[in-house]
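The structure appears right after this line, and notes come after that.
Every heavy atom of this structure was used, including side-chain atoms; hydrogens, water molecules and symmetry mates were not.
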Amino acid sequence: MLQRFTTGLKRDTRATVAVVYALATLPVFGAAGLAIDMSRIVSNTSKMQSAVDAAALTALSVRVPTDAQRVSAANAAFDTNYAGGLTTTTSANGDSKIFTVASQATMPTTLMAIAGFDEVPLSVTATAAKVFQGPPPCILALNRTVAGGVTITGSADFQALGCVVHANSKDVSGMVLDGTNVPVAAGFCAVGGVKTVLPIQPPPKNYCDDMADPFAGLALPTAGACNYSNVEVSPKQTVTLNPGVYCGGLTLKGQVTLNPGMYIMKDGPLVITSQSRVTGSDVSFTLTGTNTGFTIDGGGGSQLEAPKTGTYGGMLIMQERTSNPGFTNELTGGSSSLLMGAIYTPTQKVTATGGAGFNALSPYMPIVADQIRVSGSMRSKIDLAGIDPAAPLPASESAVRLVN
């Protein structure tokens, strides 16, 4: 009787150990299952993240005119780059400067299901933004609708050294480059399209962002009472002129020295002919009132330099935007002519002609105008050495990068 009891007790002990062992191994299997599923979570999330990163960058890199097309490009890029096997739901939205792509998926688990976790939600997002740290514009046409906002045509020999050419026009031919010579610049960009068949490097860009008017907030001097009226210097005269308000404009055909200061053309143009030689340092011109504008022929070797510092630092010619809009200003160069300073005519056109290297000597002469046409030899660059400009020129688009 005692023997049977002892034997039964041993059998019960073995059963108890087996149960305890089984219970003890559950955490081990659970931990292993968790490790396997966690590895799958990391792998799938990484694949989704790579795809949304590529999609966001593509949306801002593609040259298309509408946000809807950017969304389509982002979705296509996600599909191309997603290497996972999960069913995803992707959303894309943004504009031409900043764009976000998000993606969600549900991943079925394996051993984690033992603990009651049948699936795990996954979610990733990426935001890309354009970077504007590129060269400033030496040519900026502000008109937003016209064809040929910037036109470089004919036998123009155009070189923009270290700066860009930009047209804000949304027209499909917002910029036209159809000369016999290949223009040179750090970049060519139009909000609409660039029309050309020339082998330009770097290739022109379509569908760029608007470039802000750098001088829109610059307060121009107010024209008071007339200091001088209908002044004209004849070819045989040698004179020195002082700053002030020139009613009826100022016509220069002789040898003229301009004392430093602000020359305001009120209800009349600034005219410098090829017969003249006009020199002046620290001078600026303001165009205001009716019939105002400028015609400058540098054939006589005129040399005019804007102030390097102060309220109008770097500003050579400025048009009050409501004065004589639509007028066409004319620049004709010469081998010894020099205009140093910005030309700003926000509602007037500027044409630049001449075959002798117009502005080849100027370290700083950006042109910001309603429309700009170049058909002669022209060199332009933006060198700020020693110049404290009245307003900084905007930076051009330089890259696209992930910001989130």
Side-chain angles (χ1 to χ4, degrees), residues 138-141 148-161 165 176-181 183-185 231-235 237 246 249-258 263 265 268-280 283-285 287 291-306 315-319 324 326-345 348-381:
C138 44
I139 298 290
L140 171 56
V150 172
T151 300
I152 301 177
T153 189
S155 59
D157 177 15
F158 178 84
Q159 295 185 31
L161 308 178
V165 177
V176 177
L177 310 173
D178 64 357
T180 55
N181 297 317
V184 176
V231 174
E232 181 174 325
V233 178
S234 67
Q237 286 183 293
Y246 284 77
L250 177 61
T251 300
L252 306 177
K253 300 178 182 179
Q255 305 299 302
V256 180
T257 299
L258 299 177
Y263 292 76
M265 306 296 109
L270 169 67
V271 178
I272 299 177
T273 71
S274 61
Q275 301 164 287
S276 66
R277 177 174 173 80
V278 182
T279 59
V283 297
S284 294
F285 300 90
L287 311 175
N291 302 316
T292 194
F294 68 82
T295 299
I296 299 177
D297 189 326
S302 294
Q303 299 197 13
L304 299 171
E305 298 186 34
M315 303 301 298
L316 184 63
I317 300 175
M318 302 171 286
Q319 176 230 353
N324 201 19
F327 182 78
T328 299
N329 301 291
E330 297 181 9
L331 290 170
T332 304
S335 58
S336 59
S337 62
L338 168 67
L339 300 181
M340 197 293 291
I343 295 176
Y344 177 55
T345 60
Q348 293 183 349
K349 306 171 188 176
V350 172
T351 65
T353 62
F358 181 64
N359 292 323
L361 303 176
S362 179
Y364 180 79
M365 202 201 81
I367 300 177
V368 179
D370 179 72
Q371 300 171 52
I372 301 162
R373 182 182 180 90
V374 178
S375 60
S377 296
M378 182 174 181
R379 309 289 184 274
S380 185
K381 58 184 176 180

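- At least one side-chain heavy atom of Met378 sits less than 4.5 Å from a side-chain heavy atom of Ile367.
- Residues passing the side chain to side chain donor-acceptor pair (under 3.5 Å) test with Ser234, sequence neighbours excluded: Gln237.
- Taken from CD1 in Ile343 to CE in Met315, the straight-line distance is 10.0 Å, to the nearest 0.5 Å.
- The minimum heavy-atom distance linking Cys138 with Ala160 is given by the pair SG-CB, 3.2 Å.
- Every residue meeting the side-chain contact (heavy atoms from CB on, under 4.5 Å) condition with Ser155, not counting sequence neighbours, appears here in chain and number order: Thr180.
- For the atom pair NZ (Lys349) and OG1 (Thr328), the distance works out to 4.5 Å, reported to the nearest 0.5 Å.
- Atom CD in Gln303 sits 12.5 Å away from atom CG in Leu258 (nearest 0.5 Å).
- Residues satisfying the side-chain contact (heavy atoms from CB on, under 4.5 Å) test with Asp178, not counting sequence neighbours, are Thr153, Val176.
- A donor-acceptor pair is defined here as one N or O able to donate and one able to accept, closer than 3.5 Å; no such pair exists between the side chain of Arg373 and the backbone of Thr351.
- Atoms CD1 and CD1, from Ile152 and Ile372 in turn, are 9.5 Å apart once rounded to the nearest 0.5 Å.
- Contact between Ala141 and Gly149 at its shortest, heavy atoms only, is CB-O, 3.4 Å.
- Contact of the Gln275 side chain with the Leu252 side chain is not registered, since no non-hydrogen atoms from C-beta on lie closer than 4.5 Å.
- Using a 4.5 Å heavy-atom threshold, the side chains of Phe294 and Ile272 count as separate.
- How far CE of Met365 is from CD of Glu305: 13.5 Å, rounded to the nearest 0.5 Å.
- For the side-chain contact (heavy atoms from CB on, under 4.5 Å) test, residues two or more places apart in sequence or in another chain that qualify with Thr295 are Glu330.
- Going from atom CG of Asn329 over to atom CD of Gln371 covers 12.0 Å, rounded to the nearest 0.5 Å.
- Looking at residues two or more places apart in sequence or on another chain, you find a side-chain contact (heavy atoms from CB on, under 4.5 Å) between Asn324 and Thr292, Phe327, Gln348.
- With Ile317 as the fixed residue, the side-chain contact (heavy atoms from CB on, under 4.5 Å) test singles out one of Leu331, Leu304, Ile296, Leu339: Ile296.
- Residues Leu177 and Phe158 are not in side-chain contact: their nearest non-hydrogen atoms beyond the backbone lie 4.5 Å or more apart.
- Checked by atom type, the side-chain pair Thr332/Thr353 shows a donor-acceptor distance below 3.5 Å.
- For Phe285, the ring pair (Phe, Tyr, Trp, His ring centres under 6.0 Å) test picks out Tyr263, with sequence neighbours left out.
- Shown here for Gly298 and Ser337, the closest heavy-atom pair between the two residues is O-CB, 3.4 Å.
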